[in-house]
Amino acid sequence: MEPFTARVIEAIKHIPPGTVMTYGQIARIAGSPRAARQVARVLHSMSRNYQLPWHRVVNKDGKIMLSDPDQANMQQYLLESEGILFLQKGIVELAKYQYQTVT
DNA sequence: GAGCTGACGATCA
DNA sequence: CTGATCGCCAGCT
């Protein structure tokens, strides 16, 4: 497995309940600030093979950007279950819930 | 093995 | 401010 992938997985694993992280933020932690897309790709691939809180990952707008409506709905449901309030359909209050990386 | 795709993000027009 | 384009590079065909 690529180091990048391992870092992505680890970063996601460290996201506490009730908080979220952005793809770009994870990308930075993983070592590639502009590799947000790869984070998403890794996520989509790993989430079905590893037990990851992939639902705690949203884009920089705090918005769920999943292609599958069913999964997007699932993500919102899971986040709400953790106490996260949605401003709109598929949009969380990122400024309030974004996880502060410790590095 | 080579090329295409894409759960994003930043910049340009 | 809104819309379109480029870059990024791991994963899939």
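Predicted model only: the values in this text are computed from it and were never measured. Numbered from 1 within each chain, the chains take letters A, B, ... in sequence-line order.
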| remark: B/S/- along nucleotides 7-13 of chain C (protein heavy atoms under 4.0 Å) is BBBBSS-
| query | CG of A:Asp61 versus C1' of B:dG9: gap in Å, rounded? | reply | 10 Å
| note | On a heavy-atom basis, the closest approach of A:Val39 and A:Tyr23 is CG2-O, 3.6 Å
| Side-chain donor/acceptor of A:Gln71 to backbone N/O of A:Pro69, under 3.5 Å | no
| said: When you compare the side chain of A:Leu94 with that of A:Val20, does any pair of heavy atoms fall below 4.5 Å? | reply: yes
| query | Short question: side chain of A:Arg56, backbone of A:Thr19 - any donor-acceptor pair under 3.5 Å? | reply | no
| CA sep, side-chain torsions, deciding dist, call: A:Gln25, A:Lys60, side-chain contact (heavy atoms from CB on, under 4.5 Å) | CA-CA 8 Å; A:Gln25 190 176 9; A:Lys60 65 170 184 162; over 6 Å; no
| request: Taking the side chain as every heavy atom from C-beta outward, state whether A:Lys63 and A:Val58 have any pair of such atoms under 4.5 Å apart. | output: no
| query | In whole angstroms, how far is the P atom of B:dG9 from the CD1 atom of A:Ile29? | reply | 13 Å
| request: Calculate the interatomic distance between A:Leu43 atom CG and B:dG9 atom P; express it in whole Å. | output: 12 Å
| message | Donor-acceptor pair, distance only, cut-off 3.5 Å: does the side chain of A:Thr5 make one with the backbone of A:Met1? | response | no
| said: Strictly distance-based, threshold 3.5 Å: is any side-chain N or O of A:Asn59 a donor or acceptor partner for the main-chain N or O of A:Asp61? | reply: yes
| Dot-bracket encoding per residue of DNA chain C, Watson-Crick/G-U cut-off under 3.5 Å, | denoting interstrand | .||||||.|||||
| Matching residue for A:Ile26 among A:Val42, A:Leu43, A:Ile12 - test: side-chain contact (heavy atoms from CB on, under 4.5 Å) | A:Ile12
Show each protein N/O and nucleotides 11-13 of chain B N/O combination with a separation under 3.5 Å, one pair to a line.
none

| Between B:dG9 (C1') and A:Met21 (CE): distance, integer Å | 15 Å
| said: If we count only N and O atoms by modelled type, under 3.5 Å, do the side chains of A:Gln76 and A:His55 hold a donor and an acceptor together? | reply: no
